[in-house]
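Throughout, numbering of the chain's residues begins at 1 and tracks the sequence.
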Amino acid sequence: MKAIYNDGHVADAPAEEELHILRHSAAHIMAQAVKRLYPGAQFAFGPATDNGFYYDIDLGDVKLSDEDLKKIEEEMGRIVKENLPFKTFELPRDEAVQLMQERGESYKVEHIGDLPDDARITFFQQGEYIDMCVGPHITYTKALKAFRVTNQSGAYWRADQNNKMLTRIYGTAFKSKEDLEAYEKLMAEAAKRDHRKIGREMEIFQIMDEGPGFPFLFPNGMTLRNSLMEYWREIHVRDDYTEIETPIMLDQSLWVTSGHWDHYKDNMYTTTIDDQLFCVKPMNCPGSMLVYKSRPRSYRELPLRYAEVGLVHRHEKSGQLHGLMRVRCFHQDDAHIYMAADQVAAEIERVAKLINEVYEKFGFKYFVELSTMPEDHMGSDEDWEMATNGLRNALENLGIDYIINEGDGAFYGPKIDFHLEDCLGRTWQCGTIQLDFQMPQNFGATYIGADGEEHTPVMIHRVVFGSTERFMGILIEHLAGKFPVWLAPVQVKILPVSDKSLEYAEGIYRELKAAGVRVQLDDRSEKIGYKIREAQQVGRVPYMMVIGQQEVENGTVTIRNRDTNESVTMSSGEFLARVKEEIAKRDMKLQIG
């Protein structure tokens with residue numbers, strides 16, 4: 001693909017940049033279409049993204065409908081057919097300001113104001129539309145062959161809620177219509193798997209208007225989370241973790257000592273108690289540190305592994321909230337490990353193996369990032385180099401491939417992040433291992449070594465699920481709500497064919513319930529086909545037990561498998577034994593039928 005660069009030369013674009021250039025150009029073409037349809041529109045920023053592009057636009061009092069988005073897409077199609085050339089030119093700062101003022105682009109003028117006085121501003125033009133941009137772009141509009149305007153949202157100018165709310169129009173573009181069609185199929189599947197939709201249908205959770213960003217877990221949601229945490233606690237007990245709980249609110253001075261007040265206070269909730277400022281905890285680590293310091297420690301206790309499933313609160317912006325994926329309160333499956341310096345490598349490897357075990361259990365592929373020292377950090381460069389090398393060496397000893405993510409470490413130390421890949425190829429950052437030399441020093445944490453002297457421990461912060469609520473959301477979408485038996489809120493649903501089989505069905509219901517199986521009895525006077533469809537498609541119940549007159553006479557039950565639609569007949573005792581074994585093994589696939 002040919003591209004035009006900001007110095008005016010035309011060259012073949014590198015293959016890895018073609019899609020970005022195409023989408024960046026599509027943002028300009030969309031802006032041109034908007035300007036034709038809404039002459040008073042003013043434009044802010046319009047970048048390409050990993051999945052497409054968007055443009056933030058001030059449309060005044062105009063509110064766009066879905067039909068309006070379609071009209072914008074159609075106008076883009078006309079611009080593409082006009083085959084307008086992309087041209088570039090450069091202006092000194094003052095002339096650039098004058099040009100943008102003449103065209104009524106106040107946001108562009110403000111943006112130029114951020115640039116140095118001696119800056120020369122590059123512009124790209126196609127037809128009557130001119131935009132500030134560094135490029136590169138396609139050479140002619142006709143090169144944009146496959147695109148779609150997808151949706152809209154609100155976005156504050158410069159992402160500052162004190163500024164005006166603009167309209168953000170999203171789109172996507174691909175090299176071919178086939179690629180676009182494949183993407184749209186993927187998006188349609190993602191919409192069907194949307195955890196917010198499935199969460200409502202299965203009565204797992206809901207976000208209420210009275211608590212934006214604060215999820216309500218319904219009984220089915222609590223069952224799902226408790227089942228996950230039973231597994232979590234089992235493997236943590238096995239790996240010699242002990243569980244603690246620390247208060248949800250602690251004195252502000254604690255967060256000053258930990259460093260969170262200086263580095264994270266804008267994301268923290270606060271309140272005043274007895275004229276003293278308290279902070280609602282956004283992290284569990286300072287509380288864990290107080291538990292560690294509650295008495296003198298010996299090297300014989302190390303490594304000391306404290307696990308805490310703490311409820312944390314973080315002030316996320318309203319525009320970033322998204323179901324269970326981005327919330328303002330969640331349970332973080334934390335652990336903080338205190339150790340001597342010579343135990344660091346072994347502990348990191350131990351944690352990495354545990355995280356790998358959990359992700360393999362759920363069938364997730366993942367990739368690993370090593371995030372290094374950010375500009376806003378605590379501690380010396382020497383400590384950071386030692387910590388970063390510790391993480392790097394552990395990954396290399398385990399033979400784990402990793403990507404360096406420069407400057408994205410926590411303010412107190414470097415970290416290893418685990419990014420899950422779901423069945424649709426989307427990635428989610430969940431697990432993390434953070435190595436911290438700073439917080440134990442800040443709190444004056446010590447232990448008595450074999451030499452009888454005081455030493456400062458090294459600390460690992462780590463999570464496996466990350467946020468249990470977010471992990472639930474990822475699982476809902478990954479599995480489309482079709483949980484394995486051990487996780488399913490309702491494991492078995494008994495469906496009597498008629499009232500004649502109801503008494504027999506009630507007896508089996510009591511038998512399964514007494515054995516600890518999560519079972520429901522559907523005794524409504526509905527047709528059996530309707531009951532099956534509702535249990536399978538809405539409730540996504542793993543096993544439907546159909547009981548008719550034949551089952552009553554033979555003392556049997558017929559089990560329908562949710563995933564295969566196959567049915568098998570057996571005694572209730574055999575089914576109970578098999579389903580209990582399946583639950584105990586935590587099988588991820590249904591084994592009966």
Side-chain angles (χ1 to χ4, degrees), residues 50-51 182-207 215 217-218 220-232 235 321-327 330-333 354-369 417-432 463-491 518 536-543 561-565 582-583 585-591:
D50 289 342
N51 295 314
Y183 172 80
E184 290 181 328
K185 287 180 181 178
L186 187 67
M187 290 301 99
E189 181 63 26
K192 287 192 289 187
R193 292 170 178 264
D194 190 317
H195 74 287
R196 296 166 297 179
K197 170 179 175 289
I198 294 175
R200 287 192 300 271
E201 292 173 352
M202 295 183 68
E203 296 184 353
I204 293 173
F205 80 97
Q206 193 168 328
I207 307 294
L217 292 191
F218 294 168
N220 286 344
M222 286 302 300
T223 298
L224 174 58
R225 192 176 77 190
N226 288 340
S227 299
L228 281 170
M229 295 317 300
E230 285 171 10
Y231 166 65
W232 183 92
I235 59 177
L321 301 175
H322 179 71
L324 294 178
M325 304 304 197
R326 195 69 176 263
V327 292
F330 57 91
H331 291 82
Q332 193 169 40
D333 68 316
L354 178 66
I355 292 174
N356 179 71
E357 175 187 347
V358 172
Y359 294 170
E360 283 190 343
K361 175 72 176 177
F362 292 100
F364 286 118
K365 298 177 182 178
Y366 63 87
F367 70 89
V368 172
E369 282 185 346
D417 287 331
F418 293 76
H419 297 262
L420 302 187
E421 181 181 320
D422 66 16
C423 63
L424 297 179
R426 301 170 301 183
T427 56
W428 309 91
Q429 193 273 308
C430 290
T432 189
V463 295
V464 181
F465 294 150
S467 153
T468 57
E469 286 80 1
R470 187 168 187 242
F471 194 79
M472 286 167 55
I474 294 168
L475 269 184
I476 290 169
E477 297 196 357
H478 183 61
L479 301 172
K482 297 179 179 180
F483 298 109
V485 174
W486 68 278
L487 285 178
V490 179
Q491 296 167 324
R518 296 193 288 269
Q536 185 170 13
Q537 297 173 14
V538 180
R540 296 163 176 84
V541 180
Y543 294 122
N561 182 304
R562 173 197 65 202
D563 296 338
T564 66
N565 289 322
E582 190 175 328
I583 293 167
K585 288 183 176 180
R586 293 193 175 93
D587 286 319
M588 292 302 293
K589 293 185 178 180
L590 305 188
Q591 303 297 315

Asks: Quick one: does Gln591's side chain have a donor or acceptor within less than 3.5 Å of a partner on Lys589's backbone?
Replies: yes

Asks: Of all the heavy-atom pairs spanning Leu224 and Leu487, show the shortest one and how long it is.
Replies: CD1-O, 3.7 Å

Asks: For the residue pair His478 and Phe364, categorise the inter-ring angle as parallel (less than 30°), tilted (30 to 60°) or perpendicular (more than 60°).
Replies: tilted

Asks: Looking only at heavy atoms, which two atoms of Arg518 and Val485 are closest? And how far apart?
Replies: NH2-O, 3.9 Å

Asks: Roughly how far apart are Phe483 CZ and Met588 CE, rounded to 0.5 Å?
Replies: 9.5 Å

Asks: Just jot down the side-chain contact (heavy atoms from CB on, under 4.5 Å) partners of Gln537, sequence neighbours excluded, or say none.
Replies: Arg533

Asks: Quick one: closest heavy-atom pair of Leu324 and Met472, and the distance?
Replies: CD1-CB, 4.4 Å

Asks: Kindly say whether Met202 contributes a backbone atom to a donor-acceptor pair with the side chain of Asn220 at under 3.5 angstrom?
Replies: yes

Asks: Could you check whether any side-chain heavy atom of Leu479 comes within less than 4.5 Å of a side-chain heavy atom of Phe362, counting everything from C-beta outward?
Replies: no

Asks: Can you name the nearest heavy-atom pair linking Gln536 to Asn561, along with the distance?
Replies: NE2-O, 4.3 Å

Asks: Do Ile235 and Leu354 come within less than 4.5 Å of each other through their side chains, counting heavy atoms only?
Replies: yes

Asks: Are Leu475 and Leu228 side-chain neighbours, meaning at least one heavy-atom pair lies under 4.5 Å?
Replies: yes

Asks: Mind checking the CZ-CG spacing from Phe471 to Leu420? Nearest 0.5 Å is all I need.
Replies: 6.0 Å

Asks: Looking at CE of Met222 and OG of Ser227, how far apart are the two atoms once the value is rounded to the nearest 0.5 Å?
Replies: 10.5 Å

Asks: Which heavy atom in Lys197 sits nearest to a heavy atom in Lys192, and how many Å separate them?
Replies: NZ-O, 4.0 Å

Asks: Determine the sole option in Arg196, His195, Arg193 for which the side-chain hydrogen bond (donor to acceptor under 3.5 Å, both in side chains) test with Glu477 is passed.
Replies: His195

Asks: Quick one: do Lys585 and Asp587 make a salt bridge, cutoff under 4.0 Å?
Replies: no

Asks: For Arg562, is there any backbone N or O sitting under 3.5 Å from a side-chain donor or acceptor partner on Lys482?
Replies: no

Asks: List for me each residue that meets ring-ring contact (aromatic ring centres under 6.0 Å, His included) alongside Phe418, sequence neighbours excluded, and say none if there are none.
Replies: Tyr366

Asks: Please indicate whether Glu184 has more than 12 foreign heavy atoms, meaning atoms of other residues, nucleotides or ligands, lying under 6.0 Å from its CD.
Replies: yes

Asks: For Arg470 and Met325, indicate whether the former's side chain and the latter's backbone hold a donor-acceptor pair under 3.5 Å.
Replies: yes

Asks: Do you know which two heavy atoms are closest between Thr223 and Pro489, and how far apart they sit?
Replies: CG2-CA, 3.9 Å

Asks: For the pair Gln491 (side chain) and Tyr543 (backbone), establish whether a donor and an acceptor sit closer than 3.5 Å, ignoring hydrogens and angles.
Replies: no

Asks: Just verifying a value: how many Å separate Thr432 OG1 and Gln332 CD, rounded to the nearest 0.5 Å?
Replies: 9.5 Å

Asks: A side-chain contact here means heavy atoms from C-beta on lying under 4.5 Å apart; do Ile198 and Arg540 qualify?
Replies: yes

Asks: Is the centre of the Tyr231 ring less than 6.0 Å from the centre of the Trp486 ring?
Replies: yes

Asks: Is there a side-chain contact between Phe205 and Arg225, using heavy atoms and a 4.5 Å cut-off?
Replies: no

Asks: Compare all side-chain heavy atoms of Trp232 with those of Thr468 and state whether any distance is below 4.5 angstrom.
Replies: no

Asks: Taking atom CZ of Arg426 and atom CG of Asn51, what is their separation to the nearest 0.5 Å?
Replies: 10.5 Å

